[in-house]
Structure formats: structure tokens, C-alpha cells
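Lettering follows sequence order; numbering is per chain, from 1.
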Amino acid sequence: MESDILDSHGFLIGEELEGDDFHYVEEDQKNENIGPSSIPYPSSTGSKNNDLIRNSRIGELASNKAGLQGIDKEKVKQIIYEASKNSAFYLNEEKKDEALSIKLKQMMKKYESLKKQNLSTINSKVDNLVQVAERERDLSHIIVHIDMDAFYASIEERDNPSLRNKPMAVGDNSMLTTSNYEARNYGVRSAMPGFIAKKLCPELIIVPCNFDKYRAVSKQIREIFSRYDPDYTPMSLDEAYLDITKYLDTIDESPDNVVEQIRREIHEETKLTASAGIAANKLLAKICSDLNKPNGQYRLQNNVDDIMNFIRPLSVRKIPGIGRVTERILNEMDIKTCGAILDNRVYIHQMFSSSSFNFFIRAALGIGSNIVKTDHKRKSKSISRTFSSLSKPDDLYEKLRELADHLAADLLKERLQGKTIAITFKLVNFKMITRERSVKKYIHTADDIYNIGKQVIFININRIIPLQTFESTLITFINRF
DNA sequence: TACATACAC
DNA sequence: CATGGTGTATGTA
């Protein structure tokens with residue numbers, strides 16, 4: 001996706017928030033995670049409605065660059081706010097935001113006191129840790145990240161020409177998974193409810209998901225990937241990492257030309273476009289693949305100076321693993337770019353866990369993994385469905401039955417078994433509660449899942465979840481292995 | 001182990 | 001007439 005506020009390198013600073021396509025990932029999820037998860041932040045001022053619009057998921061939906069042929073950003077925000085403000089969903093977002101603000105405020109208290117201290121004794125220790133990270137830098141591989149452009153939407157347009165050049169999205173009235181570029185001009189984005197999108201763009205055409213088709217196309221592009229790296233890592237149906245180092249040894253071509261060729265083959269064989277990033281590791285390749293979207297590629301040379309010049313002005317939000325919340329925390333400390341992470345490394349060190357510190361520092365140095373493998377061991381299997389409020393426990397058990405049957409069937413396909421069953425209740429107010437139970441022996445049958453799940457539900461209906469709220473709307477079973 | 005949060009897609 | 005589903009990592013108790 002094209003950026004609007006560019007610095008000398010063409011990188012986006014500050015603004016951003018285009019958020020990529022949002023895809024259901026039904027298979028081959030290789031989420032190699034990364035970032036700091038729950039950060040022990042405490043703190044902030046009870047921010048109000050306006051802040052919520054700015055900070056929450058709802059605000060995030062509005063903050064992209066709408067406004068070419070459609071409406072401007074303020075208008076988009078306003079429409080989303082009007083459509084959301086009285087909903088249970090919005091209320092829950094507001095609550096979550098308040099909690100976050102309190103934590104942020106406490107964090108800031110700590111930060112302010114740190115700023116008054118003399119931290120010079122810690123300096124050398126921190127610099128040492130930076131040196132340790134620097135020694136991990138490996139510039140010997142050429143890693144490619146390939147990302148299909150508006151994947152689901154492009155497939156639907158390809159197969160139905162009447163959809164072309166019109167604002168269109170894939171999904172349904174309650175949730176969109178992808179929108180095409182015309183729709184994005186109206187502020188219509190993935191992860192936006194269809195009914196809100198329609199308010200932003202009344203002409204919007206919403207096409208239902210067709211996963212079988214997307215999977216088939218995914219298989220096609222993966223076959224192409226395997227020609228260049230048999231050990232490529234698929235991250236989702238439309239995205240993958242390749243290590244083309246070995247391939248380059250067999251041929252007298254530049255990395256850029258090879259990637260052009262991959263993208264050309266994708267286009268010839270699927271009539272779809274892809275974008276790509278080429279760099280020394282997965283972190284950098286991923287960031288690069290976003291820079292010349294759609295239908296473009298970006299090469300970052302395997303050279304420390306180039307990498308540092310590239311990463312220094314980059315908004316922290318561009319780092320995979322730094323999301324809305326972490327960005328907010330960093331911004332609160334006046335850290336907006338990767339360069340600022342390095343400049344404030346001592347504060348980062350004192351404010352965060354060591355694993356978070358290590359993550360931030362490596363990201364800011366442009367250091368990341370360059371291991372690209374196909375094999376992957378799954379750690380959990382889950383199934384979840386949202387349904388309208390239920391009033392009787394028996395209704396809940398019935399849902400449990402259905403989901404347990406499905407889950408067991410899926411487990412059988414992969415010959416999986418596990419020892420932990422977790423159930424997530426989504427209450428009518430959108431609050432999520434999870435309760436789990438581990439057992440001694442491995443289980444995999446629908447009956448076992450059902451029976452354990454039923455106990456978990458039974459206990460919590462009577463004790464933790466008040467009868468009223470157990471008009472919950474969702475159940476998830478998670479099986480850990 | 002149990003639960004919550006953050007993140008990606 | 002209304003805001004999804006699957007998976008991973010991490011912090012805290």
C-alpha cells in the first residue's frame with residue numbers, strides 16, 4: 001500500500017496505519033512471534049471518548065489515508081464513530097482503553113522518575129547488550145518476503161470482471177476480510193464490519209468468502225515458491241518467506257531480477273499481482289515488501305550502513321510485533337522511530353522485561369532471523385464460533401457438542417492429541433473469559449473433549465459466570481500438545 | 001498450570 | 001440491526 005508521509009527514504013513516519021489485508025488463516029499458520037506480549041505497564045489519565053477514537057481499534061479503522069475520491073479522514077472517523085458509539089462492542093473497547101490508560105499512566109510515573117536518575121552506571125551494561133545483539137548480525141543470506149496484493153479481493157475481481165474498478169470487499173455484513181484499492185479510498189478496510197463499510201461507501205459491493213478458491217490459488221503460488229526455495233515458509237495463504245541464497249548460487253542473476261521473475265511467474269500463472277521485499281533477514285524483508293505495494297518490490301542491500309539508514313527513521317509501528325498498544329507505550333516515552341529506540345536504550349532497558357528489551361534492540365538494529373524452513377510443529381488446535389445469546393445451559397452444551405465433533409475430526413486428520421481443553425466465553429458485552437482444564441492422559445475424541453468441556457462450562461456457569469451473562473456468544477476449545 | 005494480553009494474518 | 005477465527009508468545013500468579 002502506498003504511503004503518504006514519506007521521508008527521504010520513502011518510509012512512512014508517524015502516521016501510517018494502513019493495516020494489511022486481514023485474512024483468515026486456516027492452515028499453515030507459522031506465527032513466529034516476536035514482540036513483547038503483555039507488557040507490565042501500569043498507568044494514565046482517564047482518557048475520554050476522543051482519545052478512544054484516536055487510540056482504540058475503532059480509531060485505528062479510521063486512521064488510514066482515505067480521501068482520494070471519497071471522504072476525508074475526519075469524515076471517515078465521524079461515520080465510524082456514529083455507527084459504533086452506542087454498541088456493546090464500543091462500550092467494551094472503551095473499557096479496555098480505560099484499563100490500558102491506567103497502566104500507561106503508571107508506566108509514565110516510573111519513566112518520569114527514571115529520567116531524574118543518573119543512569120550512567122547502567123550505560124555500559126546496556127551498551128554491552130547492544131554489542132551482543134550486533135554480533136548476531138548475519139548478512140550472508142538473501143531473504144525474500146512475498147505478499148499477494150489484496151489477495152481475496154483480487155481473486156474475486158479476476159474471476160468476475162464486473163467487479164473491477166468498483167469499490168469492493170470480501171466478507172459479509174458483519175465483517176470484511178479484504179477490500180480492494182478502490183474501496184480503501186473510501187476508508188473501507190479489512191477487519192471492518194460490512195455494515196459500517198456500507199455507510200462509508202454505499203456503492204460498496206460485498207462478495208462472500210470463497211476459501212476453497214483462495215486455497216487453490218495459494219497452492220499455485222506455493223508451487224512457484226518451491227522452485228526458488230523448496231524450504232520456503234508459508235505464513236498464510238497469501239504470504240511467504242523464501243531464502244534465495246542457494247538459488248542465486250546456481251544462476252548468474254541479481255536478487256532483484258530473480259524476484260521480478262518470481263512475481264512475473266505468479267502473474268502469468270494466476271493473473272494476480274504480488275509485492276516483495278528483499279533483504280538480509282525476515283524482519284527487514286517483511287518491512288520492505290510493504291514499501292512498493294501493490295505490484296512492486298523493494299531491495300535493501302546487505303550492508304550495515306544501508307540497513308541502519310533504512311531502519312533509523314522508520315516508525316516503530318512498522319516493526320512486526322509492535323502493534324497498537326506497544327506503539328502507544330513507546331510514543332508515550334517519546335519514542336516514535338527505531339532510531340529513538342536506540343537513543344533511549346537505557347530507558348527501554350529499565351522499563352521493559354529483558355525479552356522485550358532484546359526484541360526492541362534487535363528490531364532497531366535491523367537484526368532478525370534469516371532461518372527459512374517449511375517444517376512446523378503445531379502447538380494448539382482450536383475452533384470457535386460466534387452465535388447469538390443463549391439462555392439455557394443445555395443450549396450451551398449443544399454448541400459444545402457441535403464444536404467438539406468438529407475439533408475431534410480436525411485432530412484426527414493430523415493425528416493430534418492433547419491434554420488441555422480451554423473454553424472461551426464471549427459475553428454479550430464482548431468481554432472474553434477463558435477457563436481451562438488439563439488432564440493426565442492425552443485425549444482426542446469428541447466425547448472426551450465434550451465431557452471435559454462440559455465440566456468446565458458447568459463449574460463456571462454456577463460459580464464464576466452469572467446466569468445472566470452466560471448468554472455468551474462464543475465458545476472456543478483449545479487443545480495444547 | 002491457569003488466565004489475561006498483545007499480535008499477526 | 002450488526003464487530004471474526006486460528007495460532008503463537010509472554011507476563012503474572
Side-chain angles (χ1 to χ4, degrees), chain A residues 19-41 56-58 61 80 83-84 86-93 96 99-100 103 147-148 151-152 171-178 189-199 209 211 234-240 286 317 319-329 352-356 359 376-388 403 406-407 410 419-426 430-439 456 460 464 473-481:
Chain A
D20 217 318
D21 297 350
F22 143 94
H23 299 139
Y24 288 100
V25 180
E26 307 203 312
E27 53 179 31
D28 293 317
Q29 174 91 22
K30 308 226 162 119
N31 209 346
E32 98 193 16
N33 237 356
I34 21 190
S37 275
S38 46
I39 291 164
Y41 29 101
S56 75
R57 281 175 56 193
I58 295 174
L61 281 179
I80 293 175
S84 302
N86 293 322
S87 65
F89 178 82
Y90 182 82
L91 240 60
N92 187 246
E93 290 297 310
K96 287 195 291 188
L100 179 59
K103 290 174 180 173
D147 193 349
M148 300 295 291
F151 190 48
Y152 300 171
D172 58 35
N173 227 13
S174 64
M175 188 56 58
L176 302 180
T177 62
T178 318
R189 309 185 54 200
S190 53
M192 177 181 277
F195 69 92
I196 291 180
K198 287 259 193 191
K199 291 190 204 282
C209 283
F211 284 112
M235 297 301 293
S236 63
L237 290 182
D238 81 314
E239 204 176 300
K286 164 98 177 129
R317 189 55 193 277
I319 301 297
I322 297 183
R324 204 192 89 235
V325 172
T326 310
E327 180 191 34
R328 218 180 124 184
I329 295 169
F352 298 95
S353 72
S354 84
S355 83
S356 293
F359 164 73
H376 171 67
K377 263 220 206 88
R378 114 165 17 253
K379 299 196 169 134
S380 69
K381 188 94 186 78
S382 70
I383 180 166
S384 81
R385 218 57 44 170
T386 295
F387 41 80
S388 50
L403 295 185
H406 279 283
L407 183 59
D410 288 344
K419 286 183 179 176
T420 305
I421 296 287
I423 299 208
T424 301
F425 301 85
K426 181 156 130 193
F430 284 89
K431 188 175 162 55
M432 308 270 269
I433 295 174
T434 155
R435 294 290 178 265
E436 62 183 65
R437 165 173 297 194
S438 296
V439 294
V456 173
N460 290 290
I464 298 174
T473 23
L474 168 137
I475 288 185
T476 308
F477 305 87
I478 301 171
N479 216 348
R480 298 216 179 74
F481 311 107

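The CG-P distance, from A:D238 to B:dC9, rounds to 9 Å in whole Å. Atom P of nucleotide B:dT5 and atom CD of A:E327 are separated by 20 Å, given to the nearest angstrom. Rounding to whole angstrom units, NZ of residue A:K286 and C1' of B:dC7 are separated by 12 Å. In this structure, A:R435 places its CZ atom 7 Å from C1' of B:dC3, rounding to the nearest Å. In this structure, A:N86 places its CG atom 13 Å from C1' of C:dA2, rounding to the nearest Å. With rounding to whole Å, A:F352 atom CZ is found 21 Å from C:dA9 atom P. Atom NE2 in A:H406 sits roughly 13 Å away from atom P in C:dG5 (whole-Å rounding). The distance from atom OH of A:Y90 to atom P of C:dT3 is 16 Å, rounded to the nearest whole Å.
At the phosphate of C:dG7, neither OP1 nor OP2 sits under 4.0 Å from any side-chain N or O atom of A:S380. Between A:K381 and C:dT6 there is no side-chain N or O to OP1 or OP2 distance below 4.0 Å. The side chain of A:R437 contributes no N or O atom lying less than 4.0 Å from OP1 or OP2 of B:dT1. Considering only side-chain N and O atoms, A:T326 lies under 4.0 angstrom from the phosphate OP1 or OP2 of B:dC7. OP1 or OP2 of B:dA2 has at least one side-chain nitrogen or oxygen of A:S438 nearer than 4.0 Å. Neither OP1 nor OP2 of B:dC3 sits under 4.0 Å from any side-chain N or O of A:T434. In this structure, A:H376 reaches the C:dT8 phosphate: one of its side-chain N or O atoms is under 4.0 Å from OP1 or OP2. A:S84 has no side-chain polar atom (N or O) that falls below the 4.0 Å cut-off from OP1 or OP2 of C:dT3.
When the nucleotides B:dA4, C:dG11, C:dG5 are ranked by their closest atom to the side chain of A:S353, C:dG11 comes out on top. When distances are taken from the side chain of A:K379 to each of C:dT3, C:dT6, C:dA9, the shortest belongs to C:dA9. Comparing C:dT8, B:dA2, C:dT3 by their closest approach to the side chain of A:I196 singles out C:dT3. Looking at the side chain of A:E436, the nearest of the listed nucleotides C:dT8, B:dA2, B:dC7 is B:dA2. Out of C:dG7, C:dT3, B:dC7, the shortest distance to the side chain of A:S174 is found at C:dT3. Residue A:F195 places its side chain closer to C:dT3 than to any other of C:dG11, C:dT3, B:dA4. Relative to the side chain of A:I383, the nucleotides C:dG7, C:dT6, B:dA6 differ in distance, and C:dT6 lies closest.
Between A:R435 and A:I433 the shortest side-chain heavy-atom distance falls below 4.5 Å.
Under the ring pair (Phe, Tyr, Trp, His ring centres under 6.0 Å) criterion, A:F430 pairs with A:F89, sequence neighbours left out. Remark: A:K198 engages no residue in a salt bridge (charged side-chain N to carboxylate O under 4.0 Å, His left out) (not counting sequence neighbours).
Minimum heavy-atom separation, A:S356 to A:F352: CB-CB, 3.7 Å.
Between A:E327 and A:R324, no side-chain nitrogen of the basic residue sits less than 4.0 Å from a carboxylate oxygen of the acidic one, so the salt-bridge criterion is not met.
Summarising the geometry, atom NZ belonging to A:K286 is positioned 6.0 Å from atom CG belonging to A:D147; distances are rounded to the nearest 0.5 Å.
Heavy-atom distances to DNA chain C give each of A:A83 and A:K377 a nearest nucleotide, and the one nearer the 5′ end belongs to A:A83.
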